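Inspection log for the structure reproduced underneath, given as structure tokens.
Below, chain A is the first sequence line, B the second, and so on; all start at residue 1. Computed from a prediction, not measured in an experiment: that's the story for all the values here.
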Amino acid sequence: MGVLERLKSQIYQALTRAAQEAREEGRIACGQIPPFTLEVPREKAHGDLATNLAMLLSRAAGQPPRLIAQVLLEYFRGGNRIARVEVAGPGFINFFLDPSWLYEVLPEVEAQDESYGCSSLGQGQKVQVEFVSANPTGLLHMGNARGAALGDTLARILAAAGYDVTREFYINDAGNQIETFGHSLEARYLQLLGHDVPFPEDGYPGQDLIDNMKSLIAEVGDKYVAIDPRLRRERLVKYALKEKLARMERDLTDFGVVYDVWFSEQTLHDSGAVENVLRELQAKGYLYEDEGALWFRSALFGDEKDEVLVRGNGTPTYFAVDIAYHQNKFQRGFKRVVNVWGADHHGHVPRLKGAMRALGFDPDRLEVIIMQLVRLFKGGAPVRMSKRTGEYITLRELMEEVGRDAARYFFLLRSADSHLDFDLDLAREQSSENPVYYIQYAYARICSILRNTEAPLPRAQEAVLEALQDPAELALIRKIADLPGEILFAATSLEPHRLAHYAYELATLFHGFYTTCRVLTEDPVLRAARLVLVNACRITLRNTLGLLGVSAPERM
RNA sequence: GCGCCCGUAGCUCAGGGGAUAGAGCGCUGGCCUCCGGAGCCAGGUGCGCAGGUUCGAUUCCUGCCGGGCGCGCCA
């Protein structure tokens, strides 16, 4: 918990006590003290913190808010950290803190260093983030790329907030699409070997499958031509799947994403987990047969209609397997299970949550982040994707085009709820127009200053930090002090884009400070204090970029 | 038709029930004796529409309009 969080919680409690005492003595006629806000106001003129408590009490008490505020202040014992209090506007109570709190921030940052910003909110609870989980029959596209940036940064944020995080990739290595995959591979394999066979109508048309089969032929030649087609497809699938997954893992690693678990769908079939969960639902009376299929009464749990779990041909649907998979997640002891899904899967959410409820799990422990689609722009026009030909821009190509840092940052800048227009030209721009370079430039500038100091960096405890009085200095410290709160908020709301904006704002304040205040001045006291400030800014910026998975270069 | 997401500045987007709604890009004009000018400063326009809840609504609710995505014994 940072300095600001501690002060906030002290004032919050003092306000609560003041309200209680005023009520007991009959000065304010209200019942329970409602939950109120205590926030940093947008306007600096409104103080360092402001509360709406008086306005909230006004209705129940039948007294005007400004009067209640005055009464509250009579009872308020906030301690010596508060320089001034005022009642303002419709009934806000504004607190002006003694500036000394700002100077406590810097030693704290320095001492905590790499863990500055972290908290123990999660108390070591196990949380899983499952993301990307791309169909292994293809390549990673823009939707997967956005999911990768989002899921990974979410995982980093949750870890920083004190959770024990597991990153998981669910491999769809069973079911219909694997059948189709097999037939597609088989056609490519035979075609490459000169056989005139048709490509399946619903097959995967991309060049990537041809490449898979070329490399297989380089290894084993035509040895699968003459064998039983079923066995042949099995072999081709096994080979191509391995190659594709290895490639995905490599691409994701280069994107800064490292998984703890690669979970195979096939294992759910092999272990009997699918059968077991069907039996369990059956025993609870949530299944019924109709038209030869086995149905789940998902409408009972808020879904639009019931869903098929086992088809007429006896094979389980994707949904049935997904129920088994999520049951498995909870059985592994995760307190929170977070999924990152594309918007085209949103209809799946209520029925999966319903299934979890049917199985006796609290559906709120399953949190699904739905992210809207990505459109690529180049030269001001959208880049067309073709599902028909299987041609689209891949994650690998994106990284080659704009680099990992810009790619991740651009994905993280927008809320998941928002459609994302990805401007390839801007992302590739290595100039001031590109926000990611703007932030990194701030970091490189800091490192440059620190390189230019011949003496060892002064410790925060030794420096006279009160020498920092310039508005630009104070604003920068204030922003540095915000990081712990920002991470807490991003972790509870599962909104990584907050930190992308925070990084930019921090960089802006640093650049402003840099222009106004010369760090390496003649005055040794001021110089030492500014070096401490700059170093704290370096730590804060580095930690924030670390959460975004964007590199912090010492030189550019 | 039903469901989910979105609608805020010319464009792309932030905005946690609060006070005078912000940023980037683009446009115009300034700032280099000195720590990296990939920087700084200044200039202006806006919450889709209509109701409701509230002391207070860009924020919550309802309806409408507009855009995206779903609604399969596909995944």
Problem - Under 3.5 Å on both distances, the Watson-Crick or G-U partner of rC13(B) - result: rG22(B)
Exercise for the section: Tell me what Ala442(A) touches on the nucleic acid: a base, only sugar-phosphate, or nothing, going by heavy atoms under 4.0 Å. Expected result: nothing
Practice task
Starting at atom CE of Met142(A), determine the distance to atom C1' of rG68(B), rounded to an integer number of angstrom.
Solution key: 19 Å
Problem - Whole-angstrom distance between rG46(B) and rA9(B), as gauged at atom P - result: 10 Å
Practice task
Give a yes/no on whether any side-chain N or O of Arg498(A) is located under 4.0 angstrom from OP1 or OP2 of rG15(B).
Solution key: yes
Fill in the blank from the handout: Taking for Ala88(A) and for Leu373(A) the nucleotide of RNA chain B with the nearest heavy atom, the one nearer the 5' end belongs to Ala88(A)
Handout entry: Val237(A) and Ile178(A), any side-chain heavy atoms less than 4.5 Å apart
Key = yes
Problem - Under 3.5 Å side-chain donor-acceptor pair for Asp405(A) and Gln440(A) - result: yes
Handout entry: Side-chain N,O (His501(A)) to OP1/OP2 (rC13(B)) below 4.0 Å
Key = no
Exercise for the section: Decide yes or no on side-chain hydrogen bond (donor to acceptor under 3.5 Å, both in side chains) for Arg404(A) and Ser551(A), but give the supporting numbers first. Expected result: CA-CA 9 Å; Arg404(A) 163 185 156 177; Ser551(A) 67; over 6 Å; no
Practice task
Step by step, work out the side-chain contact (heavy atoms from CB on, under 4.5 Å) result for Gln372(A) and Leu420(A).
Solution key: CA-CA 7 Å; Gln372(A) 301 300 316; Leu420(A) 179 64; over 6 Å; no
Fill in the blank from the handout: When both distances are under 3.5 Å in a Watson-Crick or G-U wobble arrangement, the nucleotide paired with rA75(B) is none
Exercise for the section: Just name whichever nucleotide pairs with rC69(B), Watson-Crick or G-U, keeping both distances under 3.5 Å, else none. Expected result: rG3(B)
Problem - Gap in Å between the two P atoms, one belonging to rG17(B) and one to rA57(B), rounded - result: 15 Å
Practice task
For the side chain of Tyr441(A), starting at C-beta, report the closest nucleotide among rA38(B), rG24(B), rA19(B).
Solution key: rA38(B)
Practice task
Measure from NZ or CZ of Arg445(A) to the centre of the six-membered ring of Phe510(A) and say whether it is under 6.0 Å with the direction within 45° of the ring axis.
Solution key: no
Problem - Under-4.0 Å side-chain N/O to phosphate OP1/OP2 contact, Asn176(A) with rC74(B) - result: yes
Practice task
Would you please confirm or rule out a distance under 4.0 Å between OP1 or OP2 of rG18(B) and any side-chain N or O of Arg42(A)?
Solution key: no
Problem - Distance in angstrom units between His345(A) NE2 and rC4(B) P, rounded - result: 19 Å
Problem - Any Asn452(A) side-chain N or O less than 4.0 Å from OP1/OP2 of rC34(B) - result: no
Practice task
Please work out which of the three classes, parallel, tilted or perpendicular, describes the rings of Trp295(A) and Tyr288(A), given edges at 30° and 60°.
Solution key: parallel
Handout entry: P spacing across the pair rU28(B) / rU33(B), given as an integer number of angstrom
Key = 25 Å
Considering only nitrogen or oxygen atoms on both sides, find all protein atoms under 3.5 Å from nucleotides 41-43 of chain B and state each distance.
none

Completion exercise
Any strand, both distances under 3.5 Å, Watson-Crick or G-U wobble: rG37(B) pairs with none
Handout entry: Below 4.0 Å: OP1/OP2 of rG36(B) and any side-chain N or O of Ser448(A)
Key = yes
Practice task
Ignoring backbone atoms, establish whether Thr453(A) has a side-chain N or O less than 4.0 Å from OP1 or OP2 of rC35(B).
Solution key: no
Practice task
If the glycosidic angle is within 90 degrees of 0 it's syn, otherwise anti, so just tell me which one rC32(B) is.
Solution key: syn
Exercise for the section: Check whether any side-chain heavy atom of Ile393(A) lies under 4.5 Å from a side-chain heavy atom of Leu376(A), and answer yes or no. Expected result: yes
Practice task
Fit a plane to each ring of His141(A) and Tyr392(A), take the angle between them on a 0 to 90° scale, and name the class: parallel (under 30°), tilted (30 to 60°) or perpendicular (over 60°).
Solution key: perpendicular
Exercise for the section: Rounded to whole angstrom, note down the P distance from rC49(B) over to rU8(B). Expected result: 10 Å
Practice task
Using whole Å, report how far CG of Asp425(A) lies from C1' of rG24(B).
Solution key: 16 Å
Practice task
Mind checking Arg414(A) for me? I need base, sugar-phosphate or nothing, with any heavy atom below 4.0 Å counting as a touch.
Solution key: base
Handout entry: Separation between the C1' atoms of rG30(B) and rU45(B), rounded to whole Å
Key = 22 Å
Exercise for the section: With RNA chain B as reference, determine whether Pro316(A) or Arg59(A) sits nearer its 5' end, using the nearest nucleotide of each. Expected result: Arg59(A)
Problem - Residues Thr521(A), Asp523(A); criterion side-chain hydrogen bond (donor to acceptor under 3.5 Å, both in side chains); working and verdict - result: CA-CA 5 Å; Thr521(A) 59; Asp523(A) 177 349; 5.8 Å; no
Problem - Complementary nucleotide of rC49(B), counting Watson-Crick and G-U pairs under 3.5 Å - result: rG63(B)
Exercise for the section: Rounded to the nearest angstrom, tell me the gap between atom OH in Tyr437(A) and atom P in rG24(B). Expected result: 19 Å
Problem - Ring-ring centroid check Phe411(A) Phe422(A), cutoff 6.0 Å - result: yes
Handout entry: Crowding at CD, Gln469(A) (>12 non-hydrogen neighbours, <6.0 Å)
Key = yes
Problem - Under-4.0 Å side-chain N/O to phosphate OP1/OP2 contact, Ser415(A) with rC13(B) - result: no
Problem - Distance, P atom - from rC6(B) to rG15(B), rounded to whole angstrom - result: 10 Å
Fill in the blank from the handout: Residues in residues 517-534 of chain A with a heavy atom under 4.0 Å of RNA chain B, by number, are Cys517(A), Arg518(A), Val519(A), Leu520(A)
Exercise for the section: Rounded off to whole Å, could you give me the CG-to-P distance for the Asp417(A) and rA14(B) pair? Expected result: 9 Å
Problem - Counter-base of rA42(B), judged by Watson-Crick or G-U geometry with both distances under 3.5 Å - result: rU28(B)
Exercise for the section: Take the protein atom CD of Glu495(A) and the nucleotide atom C1' of rG15(B), then report the distance between them rounded to whole Å. Expected result: 11 Å
Practice task
May I have the distance from His511(A) (atom NE2) to rC35(B) (atom P), rounded to whole angstrom?
Solution key: 16 Å
Exercise for the section: Look at the rings of Tyr438(A) and Tyr504(A) and say which category their plane angle falls in: under 30° parallel, 30 to 60° tilted, over 60° perpendicular. Expected result: parallel
Problem - Base of rA19(B) paired with side chain of Asn52(A) (donor-acceptor, under 3.5 Å) - result: no
Fill in the blank from the handout: From CD of Glu291(A) across to C1' of rG72(B) the rounded distance in Å is 13 Å
Practice task
Check whether any side-chain nitrogen or oxygen of Tyr438(A) sits under 4.0 Å from OP1 or OP2 of rA23(B), and answer yes or no.
Solution key: no
Handout entry: Under 4.0 angstrom between Arg351(A) side-chain N/O and rG70(B) OP1 or OP2
Key = no
Handout entry: Stacked pair Phe489(A)-rG16(B), distance under 5.5 Å, angle under 30°
Key = yes
Handout entry: Span that lies between the P atom of rA14(B) and that of rA23(B), in whole angstrom
Key = 16 Å
Exercise for the section: Check whether the side chains of Arg527(A) and Thr453(A) place a donor and an acceptor atom closer than 3.5 Å, and report yes or no. Expected result: no
